[in-house]
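These notes concern the structure reproduced below.
As a basis for the values below, the full set of heavy atoms in this structure was taken, side chains included, without hydrogen atoms, waters or symmetry mates.
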Amino acid sequence: SIKDTAIEKCEANGANSTGGGIHLYNVNNAQCTLENVTVNNCSALRGGGIHAKAGTLTISGGLFRSNAASGSIANGGGGAIYSEGAEITITGCTIGDDDTNNGNYAVQGGGIFVSEDAKCTLNAGTKISGNTAMQMGADDGNGGGIFVNRASSGTAAGILTIEGTETKHVIISGNTADYGGGLYNYGKANIKYAEIQGNSVEHNGGGMFNAGTCMMDGVMLQNNKAESEGGGIYSNKTLTLKDTTLTGNEATASGGAIQI
């Protein structure tokens, strides 16, 4: 375990570098806990702050800010955290910053990338804010806050579970991308008691771009913006909403709240 520790201005800079701050390679389902750890200004091609390969990672409190994954879609992703087949649980941690100049960035999953065969759970008090999925060459930036990957041959889709409470929501705010400002879901997402607000995109899905299976319950999508379609949500796959509110969202072309 790592507790009350600051990891700053570190990098992995090889041709296939992973985990600028921390690389967890857990071949025997090992467990690692981070408690009140800050990971700032770290970089790698993939997983600027942390790259977790298999095993279990639990994060409580702490801050991930100004980390960068500089790789393309083929070898990058996860500005703050890249989960490769790992099971990650995050509670009361801030991924990013209210000031986008201090957020994390990558081509996919500016804050968090959830790969195939991986699971990520965000619990109450977690905030994903001010992160950027930025275009790199011909690759569009997908999932400013979070990117959840689809299944590939012999693997299962990535799974994102957001479990806020009625009194303490998970916040996904102020993230930017080409597609899916707050969240780009290509796998499976179950979202309960969350606020997705103030995210923006150059194209579709200001709050969320859903290209997989998504269930929302008790979610507020507010003041998200798309320069093309789906200010709040853009969905071309399976989407279920329950007790969910969309207000103040905006799209230039169509679907101010939802584009289906």
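Taking Asp99 as the reference, nothing meets the salt bridge (Lys or Arg N to Asp or Glu O under 4.0 Å) condition, with sequence neighbours excluded. For Asn123, the side-chain contact (heavy atoms from CB on, under 4.5 Å) partners are Thr89, Thr91, Thr121, Glu163, not counting sequence neighbours. Residues satisfying the salt bridge (Lys or Arg N to Asp or Glu O under 4.0 Å) criterion with Arg65, sequence neighbours excluded, are Asp97.
Every pair passing salt bridge (charged side-chain N to carboxylate O under 4.0 Å, His left out) that includes a residue from residues 78-90 is listed here, sequence neighbours excluded: Lys53-Glu84. The salt bridge (charged side-chain N to carboxylate O under 4.0 Å, His left out) contacts involving residues 120-133 comprise Asp98-Lys127, where partners must be two or more places apart or lie in separate chains. Residue pairs meeting the side-chain hydrogen bond (donor to acceptor under 3.5 Å, both in side chains) criterion with at least one member in residues 145-155, sequence neighbours excluded, are Glu116-Asn149, Arg150-Tyr186, Ser152-Thr155. Pairs passing the side-chain hydrogen bond (donor to acceptor under 3.5 Å, both in side chains) check and including a residue from residues 238-248, sequence neighbours excluded, do not occur. A ring pair (Phe, Tyr, Trp, His ring centres under 6.0 Å) check over residues 217-254, counting only residues at least two apart or in different chains, returns the pairs Phe209-Tyr234. Screening residues 64-101 for ring pair (Phe, Tyr, Trp, His ring centres under 6.0 Å) gives His51-Tyr82, Tyr82-Phe113 as the qualifying pairs, with residues at least two apart or on separate chains.
Between the side chains of His203 and Ser228, no donor N or O sits under 3.5 Å from an acceptor N or O. A side-chain donor-acceptor contact under 3.5 Å links Gln108 and Asn142.
Contact of the Ile22 side chain with the Ile2 side chain is registered, since non-hydrogen atoms from C-beta on lie closer than 4.5 Å. Residues Val114 and Cys120 form a side-chain contact, since some pair of their non-hydrogen atoms from C-beta on lies under 4.5 Å apart. Using a 4.5 Å heavy-atom cutoff, the side chains of Leu34 and Cys32 are in contact. A heavy-atom distance below 4.5 Å is not found between the side chains of Leu246 and Asn224. Looking only at side-chain heavy atoms (C-beta outward), Thr100 and Asn131 stay at 4.5 Å or farther from each other. In this structure, the side chains of Asn41 and Lys9 come closer than 4.5 Å at one or more pairs of heavy atoms. Within the 4.5 Å cutoff, the side chain of Lys192 has no heavy atoms near those of the Thr165 side chain. Side-chain contact between Thr38 and Thr5 is absent, with no heavy-atom pair separated by less than 4.5 Å.
Cluster partners of Leu45: none. The rule joins Ile, Leu, Val, Met, Phe, Trp and Tyr whenever side-chain heavy atoms lie under 4.5 Å apart, and it links nothing here. Grouping Ile, Leu, Val, Met, Phe, Trp and Tyr residues whose side-chain heavy atoms lie under 4.5 Å apart, directly or via other members, places Met134 in a hydrophobic cluster with Ile73, Tyr105, Val107, Met136. Val201 belongs to no multi-residue hydrophobic cluster, having no ILVMFWY side-chain contact under 4.5 Å with any other such residue.
Atom-to-atom distance recorded for Glu35:CD and Lys3:NZ is 4.5 Å, nearest 0.5 angstrom.
Across Thr126 and Gly92, no two heavy atoms sit closer than the pair OG1-N, 3.1 Å. Heavy atoms only, all atoms of each residue included: Ser115 and Gly85 are closest at OG-N, 3.1 Å. Among all heavy-atom pairs drawn from Tyr193 and Val219, the shortest one is N-CG2, 4.4 Å. Listed here is the closest heavy atom pair of Ala80 and Ile95: CB-CG2, 3.7 Å. Among all heavy-atom pairs drawn from Ile7 and Val37, the shortest one is CD1-CG1, 4.5 Å. Looking at every heavy atom in both residues, Ile59 comes nearest to Cys93 through CG2-SG, 4.0 Å.
Exactly one of Thr161, Asn185, Leu183 qualifies for a side chain to side chain contact (heavy atoms under 4.5 Å, CB included) with Ile191. That residue is Leu183.
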Report task. Tell me, with the steps shown, if Gln259 and Ser254 meet side-chain hydrogen bond (donor to acceptor under 3.5 Å, both in side chains). Result -> CA-CA 7 Å; Gln259 176 79 20; Ser254 59; 2.8 Å; yes
Report task. Report the C-alpha separation of Thr58 and Thr33 in whole Å, then their side-chain angles, then the decisive distance to 0.1 Å, and conclude whether the side-chain hydrogen bond (donor to acceptor under 3.5 Å, both in side chains) test is met. Result -> CA-CA 5 Å; Thr58 302; Thr33 299; 4.7 Å; no
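The environment of Asn16 atom CG is sparse: at most 12 non-hydrogen atoms of other residues, nucleotides or ligands sit within 6.0 angstrom.
Both Ile233 and Ile162 belong to a single network of hydrophobic side chains, linked directly or stepwise wherever heavy atoms of I, L, V, M, F, W or Y lie under 4.5 Å apart.
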